[in-house]
Structures are given as structure tokens and as C-alpha cells.
Amino acid sequence: MNQAMSKSDDANPWQTFEKTVIRLIAKAASVEPETVGDFTEIPPDSSLGDIATTISFHLTKEVKKNPAEIAAGIKTRLDELARDEPLIDRVEVKGPYINLFFDRGELAKRTLIAIKNRGEEFGRTEEFKGLRALIESPAVNPSKPWHIGHARNAVIGDTLGNILEAVGYDVLRTDYINNLGLQIAQLAWKLQKEGSTETDQKYDHFLGTLYVDVQKDFETNPVVEQGIRETSRQLEDPESTDAQVSEEMITRCLKAQNETSYRLGIYHDLQIWESAIAHSGLLDTAREMMLSCESVFIPNDGDKAGCVVAKLDDLEEFKDMKDPYKVLFRSDGTRTYTGADVAFQMWKFGIVSDPFKYAVFENQPNGEDVLRTTLVGDQKNFGRFDVVFNVIGSEQAHPQKLIYTILDLLGYEEQSKNSHHIAYEWVGLEETDFSGRKGTWIGYSCDLVLDKAAEIAREEVDKRNPKEGEEFKDEVAAKIGSGAVRYLLLKASPDRKITFRWMDALDFNGDAGPYLQYSLARAKRIIEKADSLDESTPDYSLLKDNLEYELLKALSRYPEEVLVVARGLKKEAWGTSFSSNRITTYCYNLASLFSKFYDALPVLKAEDSLKIARRGLVNAFIIAMTNCLKLLGIPVVDRM
RNA sequence: GGGGCCGUAGUCUAGCAUGGAUAAGGCGCCAGCCUGCGGAGUUGGAUAUCCCCGGUUCGAAUCCGGGCGGUCCCGCCA
């Protein structure tokens, strides 16, 4: 009894069926199961079966027969094996293709019981259990509001985190705060020079527009430039007035930026500030470790005399660099970006012991504190991660590769292998790219996009819920808007550029976030209106209609889909691709199958035993869809 | 000079890792479906030299070679 229960309570129902099929084919064709796996596919149309094999093509070389003959032979043996296998209904052969059909009742039963028993755990598996992962995202300069391109980074990072957690990783979500850059110096200089010209704008927006002005002066007025360069030097000294002014400015800016982040449902565990990297002693430790490696040294002469450089031209990827000596520390001893990044990456893996101190930055709307590094505060022991994912624009493929390569040169081969650059392309406009410097982001800030999305959603919510209060309408509209934006950013493959067009972004019909939320809201209405019946012995084998079956198959695949995306995070020469779009496609498809089912097959008007079975299906859809939306970070709405 | 990514109907995209049956979907266009569990829905239709040229293969949108177009990168910069 217990055994039977645990057998049907299956974390990955689809995989169970697939494995069974592969086992049978392997036996029937006398081949290794792995080989069968290589020649297994999902047929283009369900009428051709649930799983098909093209093993007959493969076998033509060994057996000197044509594929169709081979397939026919295998079918005879498969028929015999399938007779004793409850999961398989039948086998058909179409030319060289061998098509297998699952037992619909078994699939329905196993899938629905698994989903019911697992509830919000459905979709969680343990393939990567025990691994600790760090994600860095989105690392926006604290000098401007997020524009829609920054949101792409943040949303990719957040969804990546959700997926890693679903497959068993322990995840730390970090953000990198560059509080010592030139942009910060420009703003700190400007604020002190001109005093407060603050408007009632959100603070990050205020800084963003201020920055466009100061940048113009910086480029055209040498006196201004000189002043800002001096401020930049002063920022390196934490005791200086400039540093204190900038600290306050950055804190306010980050809090404003975080409001945007929270609107998208994105929360962090920890912020690492550049000042902590600069002043914690991390750099000195890292520098010594780097110099102990053969490829890192200080040239005595040449144009890089006195610098700490890494020699890279022995490596295939870098043999064509303009200059193979990459500077890590300048001749005056200061760090370059690459030098700091290598040291930081060493911290992430715990190659150096954690020199940072920590304090709470703020409490987030999800109830969790986000920590920040400080110069005075509590010691902890972060670092020591198994895998590191840096979500950074694809234009940085080369610098990222450099960092990981230097790690390898230092002798940390494993850590280098486990360093992942999750690359994504920019969101741009038809005419131009977003630039903080030129201010082309104005009109495309993430806040503005979210505002407009919520506004459009609100019109529709008004129409549909005339009796509801303002608070309800605003809240629902915000959730629909946020979900629409997240979906838009996730549905494009990260390595494809997105051209932002208001018409597309605000079109909520078809393949868009609201469609998913809507399908769930409709499902919930059915359950809400259901009368009470004895559901203790549902007969799920009644769910035999094609529309029901397609929905069931999609439901059974959910855990496998998540795993496929996680397994797909394989490191390649120039980056690690993350198919966020695979999950949006799955989710859209699931919603679409439910909508077709909803449209064609009544639940509440079906006769009792069928009604109970269909309600089971609807409930399972609600669970799986909810879990999938959470994975994508799209808010669940009960009514819309 | 070298390298990354992208090129698929009017348009936006999926499929490419691991080659397989009729190249899938959204928007837009045309024609249906509300006395029906919520029409942000659903049914049907028209629209494709899968950038080009070769090669491998029984079979190529997918793999390999060479091009073309777009874009990004190859600083003691930031």
C-alpha cells in the first residue's frame, strides 16, 4: 500500500513514462538504453504518439535492411513487452518511425496524484541538492533610475535564482554597488558645487537627469573635469567629505532604485559595495596571491613598467589581443576593474577568507533584510560558493572570460570552470541605445514602463470589476503590469536584442503575461463555484478527451522542463546561455492548453463522476500554473 | 586584423545544444463562436527561397567550410 502510494507520488511523472519507454525499446531492439535516448523524440503531432523513436535509421548500418523493415521487426517485440507494461497503451509503426502511446488513464492518475500530493512543491527536484550558488545581478550604477534594459538583467537574475532553487541549489542573491566610479564622483561634485536643486522627483530620477547635465560640463569644461577627477580621488578615502556626501547620496539612490526592484518582485540577500572591495584588505591579499603565479608579474621596463600584469598570449582565446599584458594593478598601485573583479571572484569562491563586515541595508517588502558590506559592522562568513553566476551584458564577454582565465592561471581550475557569465543582449530603441550619459533612457525608465503597463491594465480591470474599490483595482492593475513586463523580458531569448516598442510592450493579448494570469483566474472561478461532492475516489481515467490529455501531458512535463533549463546552464567558451524563454514558452503553452480545454469541455455541467475528475484536472492546473508563475516571478492574481 | 552574438511569413519571435515525420506561436489581415465555468478567450483561413554558396548524411532551419548583412567586444579608459 505504502509502496503503491509512493510510486504514484512521483516528483517527475513525465520522466517515469519516458524512462519506461526507453527501457522497452532498448530491450526490443537489443540496444543500450543510452543509444535509444539519443534517438528518441516527441512526434510533431500527438496523433503520431507520445514518444517516438528513430532507432531504425541508426540500425540500418548494422543490420542490412531498410529502416521500415527494422521498425516493423522491433514493433513485433515491443507489442509483446508493452502488453505487460501498464504505462504503455500501444505501439504503432509509420514507415521507419516507431510511435508509442502512453496509457492515458495511467498518465492522468499518476500526474494528478503527484500534483495533488506535492502541491507547491510540485516542480521542485533535488538533482543539484547540496550545491551553493551565488548570483550577481543587476549591478546598476547608483547614479540613475533603472531603465528597461536594467530590468532585463534583474529579471533574468531573479528567475535564474528561482530555477536554481527549484532544482535543489542553495542560492544567495547579491548585487554589486559601484560607489566609487567616475559617475559617482561627477554627481557628488555637482551636488556640493550647486547645493541641492532637488525637485519632488524620485531620487534616482533626480540624479539621472542631474547626471546628464554634469556629464556635458565634464566633457566640455576642463576646469569641471579637473574638479571631478579630484573628487574621484577623494572618494577613495572613506573619511573624506566627498566620500560622506556620496555615501548619503548613494544610499538614497539605492533605496529609490530598490522601490523599482520591489515593484518587479525582486529581492536581494546582500549588496557588495566597491568601497568594501577597495578598503577591506581583500585587494592586498588577492594581489599577493596573483603575484605568486608565474603568469602574473611586474615588468621592469616597457610601457607597463611597475604595473601588475597578467600575461595572456599563451592562451588560444587571447592570442590576438592588441596587447597580451592585461593590467591588474596600475603602476601607482591602484586597482583596475579587471584586478578588482578577479579579487572579487576569489571572494565569491572563498579562495580568500571573508574580510568584509556587514550591516542591514534595509528591510524589504518580502519581510527579509538585505545586508550590505560596511567598513565597520559584523563579520560573517559569506563566500565559499560552489557555483557563481554573474548576470552581465554580453558586451562584457571578453572581460568576463579574462577574469575566469586568470583564476585558472592562479591554479583555481575548478572555480574557473564554475564561474558563469550569464550574458544577455541589451534592450534598445529603434533609433538608439539607452545611455545614462546622453539621457536617452528618459522616457524609458523601468518605473515609467511599469506605470504605463499598470495604467493599461487598470482600464480593463475597471471594465471587468465595476463594483470593486479603488484599492483592489490599483493592486490588481499593478500586478498585471508587473507580470506583463517580466514576461516580456523573459520570453525573448537572452542572446537576442529586444527593440522596445510601446505597442508591443503594452499589448496584453496573446503571448503575454496577462494571458497566463487570466487562465489561472478562470480556473479558480470554476473551483470556487463547484458544489460539494464526494471526491474520495476520483476516476481520473475518465479524462480521455484529446484536450484533457494534452493538458495532462503538459502538466506531467513541468518538473522535467525546469530541469532541462537548469541542466542547460552549461559553460561554453564565451559564456553560459540561460534559456529563460523555455520556461515562458512552457507556461504559455500550459495556459493555452487550459484555455482550449475550458472552452470546449464544461466542468460544472458534466455528470458527477466526470465532473469530479475534471475538477481534479483544474485543481492540478491551478497548482502547476501557480508554481510556474512563481518561477517566472509573475504575480498570481485571483481575480482580474 | 581577430573574436562573440543575431539573420526564420507583413511584423515580432520559437525551434538549432543532441539532424528525423506537414517549420510552431504571437501581433496584424480575412471569416466564424456570447440564453454557455469570465471574450485579456476560442475555431478556421491566407501569408516562408528558414540570409547566400558549397560540403557531410538515407535525411540539414539544425552539423562543417566559405561568404554577405547587422551588432558588440579585443585600454594603466570607465
Side-chain angles (χ1 to χ4, degrees), chain A residues 37-41 43-45 48 52 54 57 60-61 66-67 94-97 99 141 178 181-183 303-304 306-309 317-323 325-332 334-339 393-399 401-402 423 425-426 428 433 437 457 460-461 463-464 480 484 491-493 495-499 501 503-504 507-519 521-530 567-568 570 572-575 577 579 581-582 584-585 588-589 592 595-596 598-606 614 618 639-640:
Chain A
D38 290 342
F39 294 92
T40 298
E41 61 183 54
D45 190 285
L48 295 169
T54 53
F57 289 114
T60 45
K61 283 161 200 149
N66 73 53
K94 194 158 188 173
Y97 296 93
N99 301 322
N141 262 316
N178 185 2
L182 187 66
Q183 297 195 9
D303 61 343
K304 289 184 176 167
C307 297
V308 175
V309 300
E317 290 92 335
F318 299 112
K319 67 176 166 48
D320 291 309
M321 272 175 81
K322 286 175 184 163
D323 181 344
Y325 296 92
K326 183 72 196 170
V327 175
L328 304 175
F329 293 89
R330 303 183 184 103
S331 47
D332 65 1
T334 56
R335 67 196 178 279
T336 62
Y337 270 73
T338 310
S394 58
E395 80 285 356
Q396 289 204 46
H398 196 267
K401 171 85 177 168
L402 267 171
E425 279 290 344
W426 291 107
D433 288 331
R437 200 161 45 84
E460 198 67 27
V461 173
K463 265 190 243 164
R464 291 158 186 259
I480 293 167
K491 81 167 177 176
S493 162
D495 50 23
R496 193 183 274 274
K497 271 188 292 192
I498 297 177
T499 301
R501 292 184 188 89
M503 258 180 57
D504 297 344
D507 181 0
F508 292 169
N509 294 313
D511 188 8
Y515 178 80
L516 314 185
Q517 293 167 320
Y518 181 66
S519 71
R522 288 167 121 190
K524 289 189 174 188
R525 269 321 67 67
I526 293 177
I527 299 305
E528 201 177 85
K529 291 185 179 170
R567 292 188 195 119
K570 281 203 194 113
E572 285 155 36
W574 291 96
S577 57
S579 313
N581 57 304
R582 197 173 165 130
T584 52
T585 299
Y588 173 74
N589 192 249
S592 170
S595 296
K596 292 182 211 301
Y598 179 96
D599 207 61
L601 305 172
V603 176
L604 299 181
K605 293 194 173 163
R614 284 186 177 160
V618 173
R639 279 175 298 155
M640 58 190 279

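Please read all numbers here as calculations on a predicted model, not as lab measurements. Labels below follow one simple rule: chain letters A, B, ... track the order of the sequence lines, proteins then strands, and each chain is numbered from 1.
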Taking only residues two or more places apart in sequence or in another chain, which ones pass salt bridge (Lys or Arg N to Asp or Glu O under 4.0 Å) with [X]?
{"X": "A:E528", "value": "A:R525"}
{"X": "A:D323", "value": "A:K304"}
{"X": "A:R567", "value": "A:E127, A:E560"}

Hey, is the side chain of A:S331 pairing donor to acceptor with the base of B:C76 inside 3.5 Å?
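Side chain to base: pair found, below 3.5 Å.
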
Give me the distances for all protein-to-nucleotides 7-10 of chain B N/O pairs that come in under 3.5 Å?
{"from": "B:G7", "atom 1": "OP1", "to": "A:R496", "atom 2": "NH2", "distance (Å)": "2.9"}

How close or far is atom [atom2] of [N] from atom [atom1] of [X], stated in whole angstroms?
{"X": "A:K401", "N": "B:C5", "atom1": "NZ", "atom2": "P", "result": "12 Å"}
{"X": "A:R567", "N": "B:U18", "atom1": "CZ", "atom2": "C1'", "result": "13 Å"}
{"X": "A:I498", "N": "B:C6", "atom1": "CD1", "atom2": "C1'", "result": "13 Å"}
{"X": "A:M640", "N": "B:G39", "atom1": "CE", "atom2": "P", "result": "13 Å"}
{"X": "A:N581", "N": "B:C6", "atom1": "CG", "atom2": "P", "result": "12 Å"}
{"X": "A:K61", "N": "B:U56", "atom1": "NZ", "atom2": "C1'", "result": "12 Å"}
{"X": "A:Q517", "N": "B:G39", "atom1": "CD", "atom2": "C1'", "result": "17 Å"}

Between [M] and [N] - [atom1] atom distance, rounded Å:
{"N": "B:C12", "M": "B:G28", "atom1": "C1'", "value": "11 Å"}
{"N": "B:G10", "M": "B:A46", "atom1": "C1'", "value": "12 Å"}
{"N": "B:A21", "M": "B:C50", "atom1": "P", "value": "15 Å"}
{"N": "B:A14", "M": "B:C6", "atom1": "C1'", "value": "15 Å"}
{"N": "B:C53", "M": "B:U62", "atom1": "P", "value": "12 Å"}
{"N": "B:U42", "M": "B:C16", "atom1": "P", "value": "25 Å"}
{"N": "B:U43", "M": "B:C73", "atom1": "P", "value": "45 Å"}
{"N": "B:U56", "M": "B:U11", "atom1": "C1'", "value": "35 Å"}

When we call it a touch if two heavy atoms are under 4.0 Å apart, what does [X] touch: a base, just sugar-phosphate, or nothing?
{"X": "A:V308", "value": "nothing"}
{"X": "A:K596", "value": "sugar-phosphate"}
{"X": "A:D38", "value": "nothing"}
{"X": "A:T334", "value": "nothing"}
{"X": "A:L328", "value": "nothing"}
{"X": "A:N178", "value": "nothing"}
{"X": "A:A52", "value": "base"}
{"X": "A:E395", "value": "sugar-phosphate"}

Taking only side-chain nitrogens and oxygens of A:K497, does any of them come within less than 4.0 Å of OP1 or OP2 of B:C6?
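Answer is no, no contact under 4.0 Å.
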
Out of [options], which nucleotide sits closest to the side chain of [X]?
{"X": "A:Y515", "options": "B:C73, B:U42, B:C6", "result": "B:U42"}
{"X": "A:Y518", "options": "B:C6, B:G20, B:G39", "result": "B:G39"}
{"X": "A:D495", "options": "B:C5, B:C76, B:C73", "result": "B:C5"}

Could you list, one pair per line, each protein nitrogen or oxygen that sits under 3.5 Å from a nitrogen or oxygen of nucleotides 31-37 of chain B, together with the distance?
{"from": "B:C37", "atom 1": "O3'", "to": "A:K529", "atom 2": "NZ", "distance (Å)": "3.3"}
{"from": "B:C37", "atom 1": "O2'", "to": "A:Y598", "atom 2": "OH", "distance (Å)": "3.0"}
{"from": "B:C37", "atom 1": "N3", "to": "A:V603", "atom 2": "N", "distance (Å)": "2.9"}
{"from": "B:C37", "atom 1": "N4", "to": "A:Y598", "atom 2": "O", "distance (Å)": "2.7"}
{"from": "B:C37", "atom 1": "N4", "to": "A:L601", "atom 2": "O", "distance (Å)": "2.5"}
{"from": "B:C37", "atom 1": "N4", "to": "A:P602", "atom 2": "N", "distance (Å)": "3.0"}

Do A:T336 side-chain atoms and A:G339 backbone N/O form a donor-acceptor pair below 3.5 Å?
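Present.
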
Do A:S493 and A:D495 pair up side chain to side chain, a donor and an acceptor below 3.5 Å, judged on atom types alone?
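Note: A:S493 and A:D495 side chains meet the donor-acceptor criterion.
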
Between the side chains of A:N178 and A:Y337, does any donor sit under 3.5 Å from an acceptor?
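Present: a donor and an acceptor within the cut-off.
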
When both hydrogen-bonding distances must be under 3.5 Å and the geometry is Watson-Crick or G-U wobble, what is B:G69 paired with, if anything?
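By the stated definition (distances under 3.5 Å), B:C6 pairs with B:G69.
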
Any strand counts, and the cut-off is 3.5 Å on both contacts for Watson-Crick or G-U wobble. Which nucleotide pairs with B:U42?
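Its partner is B:G32 (Watson-Crick or G-U wobble, both distances under 3.5 Å).
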
With nearest nucleotides of RNA chain B determined for A:F329 and A:D433 from heavy-atom distances, which residue corresponds to the more 5′ nucleotide?
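The residue closer to the strand's 5' end, by nearest nucleotide, is A:D433.
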
By nearest nucleotide on RNA chain B, pick out whichever of A:C307 and A:T54 is the more 5' one.
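Checking each residue's closest nucleotide, the 5'-ward one belongs to A:T54.
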
Check side-chain hydrogen bond (donor to acceptor under 3.5 Å, both in side chains) between A:T334 and all other residues, then give those that pass, not counting sequence neighbours.
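By the side-chain hydrogen bond (donor to acceptor under 3.5 Å, both in side chains) rule, A:T334 matches A:R330, A:D332.
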
Would you list the protein and nucleotides 1-4 of chain B atom pairs, both N or O, that sit under 3.5 Å from each other?
{"from": "B:G2", "atom 1": "O2'", "to": "A:D320", "atom 2": "OD2", "distance (Å)": "2.8"}

State which residues pass side-chain contact (heavy atoms from CB on, under 4.5 Å) with [X]; sequence neighbours excluded, sorted by chain then number.
{"X": "A:A600", "result": "A:L547"}
{"X": "A:T585", "result": "none"}
{"X": "A:Q183", "result": "A:N141, A:S143, A:K144, A:Q186, A:Y211"}
{"X": "A:N66", "result": "A:A68, A:E69"}

Anything under 30° is parallel, anything over 60° is perpendicular, the rest tilted; go ahead and classify A:W574 against A:H398.
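Parallel, since the angle between the ring planes stays under 30°.
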
Can you give me the N/O atom pairs linking the protein to nucleotides 22-30 of chain B at distances under 3.5 Å, or say none if there are none?
{"from": "B:G26", "atom 1": "O2'", "to": "A:D511", "atom 2": "N", "distance (Å)": "3.4"}

